[in-house]
Amino acid sequence: YFDYVQIFPANKTQHFSRIQQASGVAYEEMLFFDDEARNRNVETELGVTFCLVKDGMTREEVDRGVWAWRKRNGIKQRKEGEAENGDEE
């Protein structure tokens with residue numbers, strides 16, 4: 001499932017720097033779930049969307065993180081019955 005695994009003692013900015021170099025994916029395209037608020041610095045320092053998870057991953061946590069990423073990237077949530085281009089279906 002994972003193409004770029006980073007398992008070694010280091011801070012998260014180093015992990016994401018290595019992932020970015022290996023993958024070519026821009027930091028702004030990345031979404032990071034973590035249970036430690038101290039790792040939020042990847043958002044302020046690199047531009048990675050950070051989502052704090054307190055009690056484990058759930059579908060709701062994934063959705064919350066994806067919507068946070070979409071919001072940061074200027075993607076608006078469609079209203080019910082609205083087509084992808086903003087027109088009514």
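Small disclaimer: the values here were computed from a predicted structure and weren't measured.
The 12-atom threshold is exceeded at CG of Asn73, counting heavy atoms of other residues, nucleotides or ligands nearer than 6.0 Å.
Separation of atoms CE (Met57) and SG (Cys51) is listed at 7.0 Å; rounding is to 0.5 Å. Atom CG in Leu52 sits 9.5 Å away from atom CG in Asn39 (nearest 0.5 Å).
Looking at residues two or more places apart in sequence or on another chain, you find no side chain to side chain donor-acceptor pair (under 3.5 Å) involving Asp3. By the salt bridge (charged side-chain N to carboxylate O under 4.0 Å, His left out) test, Arg18 pairs with no residue at all, sequence neighbours left out. Every side chain to side chain contact (heavy atoms under 4.5 Å, CB included) that Glu43 has, sequence neighbours left out, goes to Arg40, Thr49, Phe50, Arg72. Applying the side chain to side chain contact (heavy atoms under 4.5 Å, CB included) test to Thr58 and every residue at least two apart in sequence or in another chain returns Glu60, Glu61.
Applying the side-chain hydrogen bond (donor to acceptor under 3.5 Å, both in side chains) definition to pairs two or more places apart or across chains, those involving residues 5-15 are Asn11-Thr13.
Hydrophobic clustering (ILVMFWY, side-chain heavy atoms < 4.5 Å, transitive): Val62 and Trp67 are in distinct clusters.
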Using a 3.5 Å cut-off and no angle test, enumerate the donor-acceptor pairs between side-chain atoms of residues 20-33 and protein atoms at least two apart in sequence or in another chain.
residue : atom : partner : partner atom : Å
Ser23   : OG   : Ile19   : O            : 2.8
Ser23   : OG   : Val25   : N            : 3.1

